[in-house]
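Here the structure comes first, spelled out in structure tokens, and everything after it is commentary.
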Amino acid sequence: MRTWCGSLNLSYRGKDVLLKGWVQRVRDLGSLVFADIRDRTGLVQVVGGRELARLRPEWVVEVRGTVREREAKNPNLPTGDVEVEVKEIRVLNPSRTPPFPISDEIEVSEEVRLRFRYIDLRRPKMQRNLLLRHRMSMAVRKFLDSQGFVEIETPILTRSTPEGARDFLVPSRNYPGRFYALPQSPQLFKQILMISGFERYFQFARCFRDEDLRADRQPEFTQIDLEMSFVEEEDVMRVAEGLMREAFSVAGIELEPPFPVMSYREAMERYGTDSPDLRIPYEIKDLSGFGPGGNRIVGQALEAGGRLLGMKVPGGLSRREIETLEERVKSAGAKGLLWMKRSEKGFSGSLRGEEAWRERIAEALSLGEGDLALFMAGIGVEKFMGFLRQAVAELKKIELEGFKALWIVDFPLFERDEEGRLASNHHPFTSPKEEDLSILEEEPLKVRARAYDLVLNGVEIGGGSIRIHRSQVQRRVLRLLGVEESKFSFLLKALDYGAPPHGGIAFGFDRMVMMAAGEESIRDVIAFPKTTSALCLFTGAPSGVAPEQLEELKIKIIS
RNA sequence: GGGGUCGUAGCUCAACCCGGUUAGAGCGCUGGCCUGUCACGCCAGAGGUCGCGGGUUCAAAUCCCGUCGGCCCCGCCA
């Protein structure tokens, strides 16, 4: 019977044990040799003579021996009170010298880590992260099961839909020139399952989007996808809150539902983003009402239909820091940054203008002596102010501790895309608010959606909506979007066969685990992630294929 | 699609700005010594296409152009 290395303690004193694992390190003192043996549960020291001296890091071994109390204990090691006196050691497999040691202390470039992922995953941090991921998924499954949800798998080979992100395509051999698409989400299938009468569905769904990557974005990722029949917004939100509470509690993080609710408009006004981090204390104020105040830049901005937005930075910033911020917002696309500082001598800074005007602005921001205010003027500056708010918090090294969740609701159903056409803010199956149906065609941009986003510490962690369950409403929305009905005829038809009112939500599971683990990158909670240029450094995917394979698919590479 | 940043020993980095002997350090590795170590210690040693290609120059790790790759951001992500 094998004993886990990490489980050994004084209660094993005198017992014979069999350990299996990897050699962490060998300390050769001559006729006395120590080795640390590691398995998934931890490390334990074994002690013996010259027979241990030939061991090298990462060799796979089997050790038989007797547990004894140590002469010199190691308080830094959970098993530090004991050691195993070796009776027999067998090398099951030697190892080449690893490119980097199995330790959280050592910094290794991500490139090397991904190339040797099997070694990287031996590191305690990565083992912890993937174990946490497992426990969170188990907690979620248990919770959803207890709430009457049924896990149902939906296809990976499915139909390309023109809306939304770029699809990954899979060529069909049986139908040359035709393609399957990998799902961007199981959206339509889960709606169909509601029509099929399952009432409550969930799935840990792998989703695929062929877009450029980020620290929190991978081309394939995992969503906790769920859908419910006969529900309103609040019903879905309560289930989602319970799910979040259960998932995060396994990481020792207590979320306390119900989460506060904020309208999209309020979030944009106060924080300049639809996913605000409420732990940051700054707020944005609209100062357009005070007029141009003799300031040329502000005057031009207001005349063009733009706004003057300001934000107080208590305690101020140095000139150098303001310059740094300006560079950062400019690289994000902003035109520039204005500032004003209040000192005992009065106002200073680049927001010049009439003294009374500056006084009124300072008052509106409750600017005290030593405080700084930052401003932007123009059209669409809200989101740059939101970016600035984050950047200032970073620069001021504001302690961002704890977890603050909130719901964002009352999104507009549509937005204008670059070409000025209507586009869905969420997706085309999101229901408009009943009371806004009458203005759907006349004033589509004023129509609010029955959608809700769940934001945790400024990260969008989930989003969902009550769906359209009447084909006639779905037709009107598709028409406004300029989408041919034929593309979704299967959905429209299904809606006419007794579709119940339904709605749901999907969570970015990788992001949830990332936050619970305190990681900055989603790659650290995914066993085999892609690089930011969508390569798998471990297998070398994507790769070329044999000419015969292309031949069979009737595919020709043209460049 | 765009911007930034990095690429030198197995790993992490220095030398690069301002071109000029034999490209260094720590860790790791190999060998030797050592009975209480636990980041063991001490002694000795090996180890480099300076990402790749081209250019400038008497001379390139260093300057220029291109290219490949890692990371971060903007666009994009219904």
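Reminder, nothing fancy here: chain letters follow the sequence lines and each chain counts from 1.
Between the side chain of A:R217 and the base of B:rC76, a donor-acceptor pair under 3.5 Å is found. In the interface, the side chain of A:R56 is not paired with the base of B:rU30 through any donor and acceptor atom under 3.5 Å apart. A donor-acceptor contact under 3.5 Å is not formed by the side chain of A:R523 with the base of B:rC71. For B:rC34, the base has a donor-acceptor partner in the side chain of A:D28 [N/O atoms by modelled type, under 3.5 angstrom]. The base of B:rG75 does not come close enough to the side chain of A:E211 for any donor and acceptor atom to sit less than 3.5 Å apart.
With B:rC76, B:rU37, B:rC71 as the candidates, the nucleotide lying closest to the side chain of A:E83 is B:rU37. Among the nucleotides B:rU35, B:rG75, B:rC71, the one closest to the side chain of A:T532 is B:rC71. The nucleotide whose nearest atom lies closest to any side-chain atom of A:N74 is, among B:rC38, B:rG70, B:rG36, B:rC38. Listed nucleotides B:rU37, B:rC76, B:rG70 differ in distance to A:R70; the shortest reach to its side chain belongs to B:rU37. The A:A72 side chain lies nearest to B:rC38 when the options are B:rC38, B:rG70, B:rC34.
Backbone-only engagement by A:E107 is indicated by non-hydrogen atom pairs under 4.0 Å involving sugar-phosphate atoms exclusively. Residue-level contact check: A:F100 touches neither bases nor backbone, having no heavy atom under 4.0 Å from any strand. Counting any heavy atom pair closer than 4.0 Å across all strands shown, A:P57 reaches sugar-phosphate atoms only and no base atom. Across all strands, A:S109 comes closer than 4.0 Å only to sugar-phosphate atoms, never to a base (heavy-atom distances). A:K383 comes within 4.0 angstrom of sugar-phosphate atoms only, judged by non-hydrogen atoms across all strands, and of no base. As judged by a 4.0 angstrom heavy-atom cut-off over every strand, A:N76 is placed among residues making no nucleic acid contact. Heavy atoms of A:R25 sit under 4.0 angstrom from primed sugar atoms or phosphate atoms, though from no base atom. Among the heavy atoms of the strands, none lies under 4.0 Å from A:T430. Using a 4.0 Å heavy-atom criterion, one finds that A:L481 contacts no nucleic acid atom at all. Using a 4.0 Å heavy-atom criterion, one finds that A:A215 contacts the sugar-phosphate atoms exclusively. Within the 4.0 angstrom heavy-atom criterion, base atoms lie near A:S31. Base engagement by A:P428 is indicated by at least one non-hydrogen atom pair under 4.0 Å involving a base atom. Across all strands shown, A:R68 has heavy atoms under 4.0 Å from base atoms, whether or not it also approaches the sugar-phosphate. Across all strands shown, A:Q45 has heavy atoms under 4.0 Å from base atoms, whether or not it also approaches the sugar-phosphate.
In the model, A:D453 has no side-chain atom that pairs as donor or acceptor with a side-chain atom of A:Y264 under 3.5 Å.
One interatomic measurement links the two molecules: CZ of A:R54 to P of B:rC29, which rounds to 17 Å at whole-angstrom precision. Going from atom CZ of A:R50 over to atom C1' of B:rU35 covers 11 Å, rounded to whole Å. The nearest whole Å value for the distance from the CD atom in A:E419 to the C1' atom in B:rC76 is 13 Å. We find that CZ of A:R214 is positioned 11 Å from C1' of B:rG3, with the value rounded to whole Å. The CD-P distance, from A:Q390 to B:rC72, rounds to 16 Å in whole Å.
Side-chain atoms of A:R209 never come within 3.5 Å of backbone atoms of A:Q218 as a donor-acceptor pair (strictly under, hydrogens ignored). A donor-acceptor pair is defined here as one N or O able to donate and one able to accept, closer than 3.5 Å; no such pair exists between the side chain of A:R320 and the backbone of A:L317.
Considering only side-chain N and O atoms, A:R27 lies under 4.0 angstrom from the phosphate OP1 or OP2 of B:rC40. Listed pair A:S103 / B:rA39 fails the phosphate criterion, with no side-chain N or O lying under 4.0 Å from OP1 or OP2. Contact annotation: A:R113 side-chain N/O to B:rG70 OP1/OP2 distance is not under 4.0 Å.
Across every strand in view, B:rC77 sits unpaired, with no contact that passes the Watson-Crick or G-U test at under 3.5 angstrom. Pairing for B:rU37 is absent, judged as Watson-Crick or G-U wobble with the two contacts each under 3.5 Å. Pairing partner, B:rU62: none, since no Watson-Crick or wobble contact has both distances short of 3.5 Å.
Taking the six-membered ring for Trp and the full ring otherwise, A:Y452 and A:F411 have centroids separated by 6.0 Å or more. Close placement of the A:F429 and A:F488 rings is indicated, their centers lying within 6.0 Å of each other.
Counting non-hydrogen atoms of other residues, nucleotides and ligands closer than 6.0 Å to OH of A:Y180 gives a total of 12 or fewer. Heavy-atom contacts from other residues, nucleotides or ligands closer than 6.0 Å to CH2 of A:W22 number 12 or fewer.
Summary of the strand contacts: A:A534 and A:D212 both lie near RNA chain B, and taking for each the nucleotide with the nearest heavy atom, the more 5' one is attributed to A:A534. Nearest-nucleotide positions on RNA chain B for A:E520 and A:Q184 put A:E520 closer to the 5' end.
Comparing the same atom, P, in B:rC29 and in B:rC17 gives a spacing of 36 Å after rounding to whole Å. Across the C1' atoms, B:rC63 and B:rG24 are found 23 Å apart, a figure rounded to whole Å. Atom name C1', nucleotides B:rA59 and B:rG20: the rounded distance is 7 Å, in whole Å. A distance of about 9 Å separates the P atoms of B:rC27 and B:rC42, rounded to the whole Å.
By the 4.5 Å heavy-atom criterion applied to side chains, A:Y271 and A:M262 are counted as neighbours.
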